[in-house]
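Data first, discussion second: the structure below is written as C-alpha cells.
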There are 2 protein chains.
Amino acid sequence: MKQQEVFKALADPTRRAILKRLQGGALSAGEIGAAFDITPASLSHHFAVLKHADLVRTERQGQYIVYSLNSTVMEDFTRMVLDLFPSIGSHGGKR
Amino acid sequence: MKQQEVFKALADPTRRAILKRLQGGALSAGEIGAAFDITPASLSHHFAVLKHADLVRTERQGQYIVYSLNSTVMEDFTRMVLDLFPSIGSHGGKR
DNA sequence: TCGATATTTAGGCAAACATCTAAATATCGC
DNA sequence: GCGATATTTAGATGTTTGCCTAAATATCGA
C-alpha cells in the first residue's frame with residue numbers, strides 16, 4: 001500500500017464522499033459526479049488521485065467508465081490506522 | 001471531532017511520526033524534535049496542526065512544554081475510518 | 001461516418017502548505 | 001535581574017492542491 005498516497009487522497013472531503021458513494025456498489029464517473037457541484041474535469045482529477053492511491057479500480061463499460069472500491073487497500077489502510085492509534089485495537093477485530 | 005482537521009493533520013508524514021513517537025508516553029517538544037531534521041519552528045507548526053485537530057494535548061512543565069496523545073479523538077477517528085471502510089470492521093453501522 | 005454523450009488531459013490561477021530565518025515570549029539557574 | 005535554554009510567532013518563499021475552461025479522446029446510435 002502506498003501509505004502516503006492513501007492519506008493524501010483521504011485528506012479531501014470530496015474524495016471521501018466519493019468512496020462513501022461507492023460503498024453501495026460500482027458507479028460510472030457520471031453517476032458519482034451527479035452528487036457533486038464541481039465540473040467533470042475536477043471530478044476526473046479526484047478519480048485520478050483515488051486511483052493513484054489504489055483506493056478504486058476502473059473498468060470501461062462501453063460508453064462509461066465504472067469505478068469500484070479496492071477493498072484490499074482499504075483494509076490495509078484500516079489496519080494501519082489501528083496501528084497508529086492502538087488504543088482502540090480491541091475493537092471488533094478482523095474478520 | 002473535527003473530522004476534516006484530523007484527516008489533514010494525518011496527511012503529513014512528519015505529523016504521523018510525531019504521533020507514533022508519543023505512543024510511548026508524553027514527551028517535550030524538544031524530545032520529539034530530536035528525531036526529525038527540521039527546525040524547531042517547523043516542528044512547532046506541526047504541533048499546532050495536531051493540536052488544532054485535537055490529536056494532542058499540551059501541558060507546560062517548567063521550562064518545557066509536554067505533548068501527549070488525546071486518545072479520545074484518536075478512538076473517534078478510528079471508528080470513523082471503520083465506518084468509511086466497513087469491510088474490515090465488525091460494527092459497520094452508522095453512529 | 002456524423003453528431004451526441006462520457007470522460008480525461010492540458011494549461012492556468014489563486015489558495016493552502018511546509019519550510020526557513022529572525023524575532024518574540026516564557027522559564028530556569030545563578 | 002541576566003543570560004541561557006525551550007518554544008512559539010511573524011514574515012517570506014517555493015511547492016502542491018483544487019478548481020476552472022478549453023480541447024482531446026473514446027464510444028454509441030442512427
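The model shown is predicted, which means the values in this text are computed figures rather than measured ones. The chains referred to below are lettered A, B, ... by the order of the sequence lines, with proteins before strands, and numbering in each begins at 1.
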Length of the line joining [X]:[atom1] and [N]:[atom2], which is rounded to integer Å:
X     : N      : atom1 : atom2 : result
B:Q61 : D:dT5  : CD    : C1'   : 16 Å
B:R15 : C:dC17 : CZ    : P     : 8 Å
B:F36 : C:dA18 : CZ    : P     : 14 Å
A:L10 : D:dG18 : CG    : C1'   : 16 Å
A:K8  : D:dT16 : NZ    : P     : 8 Å
A:F7  : C:dC17 : CZ    : P     : 17 Å
B:I38 : C:dT21 : CD1   : C1'   : 15 Å
A:E59 : C:dA6  : CD    : P     : 18 Å

* Are B:L43 and B:Y64 connected in a single hydrophobic cluster, I mean Ile/Leu/Val/Met/Phe/Trp/Tyr linked by side-chain heavy atoms less than 4.5 Å apart? ->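 Each belongs to a different hydrophobic cluster.
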
* To do: Tell me whether B:F85 is reachable from A:V73 by hopping between hydrophobic residues (I, L, V, M, F, W, Y) whose side-chain heavy atoms are closer than 4.5 Å.
  =>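 Same hydrophobic cluster.
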
* So what is the end-to-end bend of the helix from C:dT1-D:dA30 to C:dC30-D:dG1, with 5 pairs used at each end and the value given to 10 degrees? -> 30°

* Run the salt-bridge test on B:D76 and B:K2 with the 4.0 Å N-O cut-off and return the result as yes or no. =>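 Looking at B:D76 and B:K2, the cut-off is not met.
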
* Identify the two heavy atoms, one from B:M80 and one from B:F7, that lie closest to each other, and give their separation to 0.1 Å. => CE-CE1, 3.4 Å

* Structure fact -> On a heavy-atom basis, the closest approach of A:V66 and A:A26 is CG1-CB, 3.5 Å

* Below 4.0 angstrom from OP1 or OP2 of C:dT19, is there any side-chain N or O of B:T39? -> no

Using modelled atom types and a 3.5 Å cut-off, is there a donor and acceptor pairing between side-chain atoms of [X] and backbone atoms of [Y]?
X     : Y     : value
B:R21 : B:E31 : yes
A:T78 : A:M74 : yes
B:Q3  : B:F77 : no
B:R15 : B:K8  : yes

* Structure fact -> Heavy-atom contacts, protein to nucleotides 7-13 of chain C, under 4.0 Å, summarised as B (base), S (sugar-phosphate only) or - (none) per nt, yield SBB----

